K.L.:
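Supplied in structure tokens, the structure appears directly below.
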Amino acid sequence: KDLSIASSEKNELNKVVLGFNVKLKEKTKVKVINHDVIYKIIDDYKEWRKVKLIELETAELKGVTLPCKILLMPGYIFRQNNPAVVGVDVLTGTLKAGMPLMKEGKQICEVKSIQEEGKNISEAEKGKQVAVALTNVTVGRQINTKDILYSSISEEEFRKLKKLKKYLTIDQMQTLKEIAEIKRKTKATWGI
């Protein structure tokens with residue numbers, strides 16, 4: 001009965017059954033913590049809950065656009081459009097393929113692909129200088145060299161990131177604040 005009740009729980013942190021010196025006969029998706037020492041059960045439960053909470057929060061971060069800031073380097077325009085291919089310096093965060101980018105608070109393009117030393121990569125961390133293909137922009141019109149672009153984060157993603165800020169670096173937190181300030185120039189209540 002306890003296993004069926006726990007398995008029907010919606011909150012993953014409640015899908016656990018604690019047992020004191022009992023034998024489990026069936027396999028289940030519910031976490032069962034069983035021991036013949038009561039203190040060991042409590043310690044095991046606290047440890048499991050801590051690990052499970054981190055697992056759930058990091059899984060929630062996977063679907064969110066993380067804060068990133070890039071500089072379009074002068075002298076590194078490889079193609080002006082269809083897609084624009086430019087050299088960038090990753091100033092903060094991690095630039096990822098598929099990441100939407102914004103300029104002055106408006107989403108203007110998406111990272112189609114990233115290359116480092118002629119090889120395709122899926123992401124580039126802070127401090128790297130890479131070539132990036134950007135969709136739907138033309139160099140000299142929507143973007144120019146020395147422009148700084150930020151990852152385009154939605155209000156919902158911003159709220160999630162604020163809630164899970166303990167998983168962000170200091171640089172990412174600073175970039176997130178900068179993005180919020182930029183977005184709040186056009187909408188004062190953005191992200192609140």
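Not measured: the values here are computed from a predicted model.
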K.L.:
For the side-chain contact (heavy atoms from CB on, under 4.5 Å) test, which of T138, V137, I143 pairs with R141?
P.N.:
T138
K.L.:
Flag yes if I108 and V86 sit in one hydrophobic cluster, no otherwise; membership is Ile, Leu, Val, Met, Phe, Trp, Tyr, and two members link when side-chain heavy atoms are under 4.5 Å apart.
P.N.:
yes
K.L.:
So, do T92 and Q174 sit near enough that their side-chain heavy atoms are less than 4.5 Å apart?
P.N.:
no
K.L.:
Could you check if a side-chain atom of V111 sits within less than 4.5 angstrom of a side-chain atom of K96, using non-hydrogen atoms only?
P.N.:
no
K.L.:
Write down the atom of G87, the atom of F78, and the distance for their closest heavy-atom approach.
P.N.:
N-CE1, 3.9 Å
K.L.:
Is there a path of hydrophobic side-chain contacts, each under 4.5 Å between heavy atoms of I/L/V/M/F/W/Y residues, joining L101 to V64?
P.N.:
no
K.L.:
Do E47 and K50 sit within salt-bridge range, that is, some charged N less than 4.0 Å from a carboxylate O?
P.N.:
yes
K.L.:
Could you tell me if the side chain of Y167 sits less than 4.5 Å from the side chain of I54, heavy atoms only?
P.N.:
yes
K.L.:
Checking K52 against L13 for the side chain to side chain contact (heavy atoms under 4.5 Å, CB included) test, could you report, in this order, the C-alpha distance in whole Å, the side-chain angles of both residues, the deciding distance, and whether it holds?
P.N.:
CA-CA 7 Å; K52 188 68 173 177; L13 294 173; 3.7 Å; yes
K.L.:
For the residue pair A133 and P83, what are the closest heavy atoms and their distance?
P.N.:
CB-CG, 3.9 Å
K.L.:
Hey, are R159 and E155 close enough for a salt bridge, meaning a charged N less than 4.0 Å from a carboxylate O?
P.N.:
yes
K.L.:
What's the spacing between D44 CG and I41 CD1 if we round to 0.5 Å?
P.N.:
8.0 Å
K.L.:
Counting only heavy atoms not in I192 (residues, nucleotides, ligands), do more than 12 fall under 6.0 Å from its CD1?
P.N.:
yes
K.L.:
Can you tell if the side chain of F20 reaches within under 4.5 Å of the side chain of L18, non-hydrogen atoms only?
P.N.:
no
K.L.:
Please round to the nearest 0.5 Å and tell me the distance separating atom CH2 of W190 and atom CD1 of I153.
P.N.:
6.5 Å
K.L.:
If you compare all heavy atoms of E123 against all heavy atoms of I114, which two are closest, and at what distance to 0.1 Å?
P.N.:
CA-CD1, 4.0 Å
K.L.:
Run the salt bridge (charged side-chain N to carboxylate O under 4.0 Å, His left out) check on E181 and R184 step by step: do they pass?
P.N.:
CA-CA 5 Å; E181 288 171 12; R184 288 178 184 151; over 6 Å; no
K.L.:
Quick one: pull up CE in M173 and NZ in K166 and give me the separation to the nearest 0.5 Å.
P.N.:
13.0 Å
K.L.:
So Q142 and C109, do their side chains get closer than 4.5 Å, heavy atoms only?
P.N.:
no
K.L.:
To the nearest 0.5 Å, what is the distance between NZ (K31) and CZ (R49)?
P.N.:
14.5 Å
K.L.:
Please determine whether a side-chain nitrogen of the Lys or Arg among E157 and K160 lies less than 4.0 Å from a carboxylate oxygen of the Asp or Glu.
P.N.:
no
K.L.:
Distance from K183 atom NZ to F158 atom CZ, nearest 0.5 Å?
P.N.:
11.0 Å
K.L.:
Is E60 close to L56 at the side-chain level, that is, under 4.5 Å between some pair of heavy atoms?
P.N.:
no
K.L.:
Under the side-chain contact (heavy atoms from CB on, under 4.5 Å) test against L66, which residue among L161, L95, T169, T175 passes?
P.N.:
L161
K.L.:
Under a 4.0 Å N-O cut-off, is there an ion pair linking E12 with K15?
P.N.:
yes
K.L.:
Could you walk me through whether V22 and N34 pass the side chain to side chain contact (heavy atoms under 4.5 Å, CB included) check?
P.N.:
CA-CA 7 Å; V22 292; N34 182 26; 3.8 Å; yes
K.L.:
Can you check whether K146 reaches N144 side chain to side chain, under 4.5 Å on heavy atoms?
P.N.:
no
K.L.:
Under 4.5 Å between any side-chain heavy atoms of T65 and M99, yes or no?
P.N.:
yes
K.L.:
Please lay out, stage by stage, how L134 and V139 fare under the test side chain to side chain contact (heavy atoms under 4.5 Å, CB included).
P.N.:
CA-CA 10 Å; L134 303 173; V139 177; over 6 Å; no
K.L.:
Give the minimum heavy-atom separation between K128 and A124, together with the two atoms involved.
P.N.:
CB-CB, 4.3 Å
K.L.:
Would D171 and K69 count as a side chain to side chain contact (heavy atoms under 4.5 Å, CB included) if you check the C-alpha gap in whole Å, the side-chain angles of each, and the deciding distance to 0.1 Å?
P.N.:
CA-CA 10 Å; D171 285 343; K69 179 178 171 182; over 6 Å; no
K.L.:
Between L164 and I179, is there a shared hydrophobic cluster once you connect ILVMFWY residues whose side-chain heavy atoms come closer than 4.5 Å?
P.N.:
yes
K.L.:
Would V17 end up clustered with Y39 when hydrophobic side chains under 4.5 Å apart are linked, directly or stepwise?
P.N.:
no
K.L.:
Look up atom OG1 in T145 and atom CG in L71, then write down how far apart they are to the nearest 0.5 Å.
P.N.:
9.0 Å
K.L.:
For E104, does the CD atom have more than 12 heavy-atom neighbours from other residues, nucleotides or ligands under 6.0 Å away?
P.N.:
no
K.L.:
Transitively linked via ILVMFWY side-chain contacts under 4.5 Å: V32 with I42?
P.N.:
no
K.L.:
S7 and S4: which non-hydrogen atoms are nearest, and at how many Å?
P.N.:
OG-O, 3.0 Å
K.L.:
Compare every heavy atom of I70 with every heavy atom of C68, then report the nearest pair and how far apart it is.
P.N.:
SG-CG2, 4.1 Å
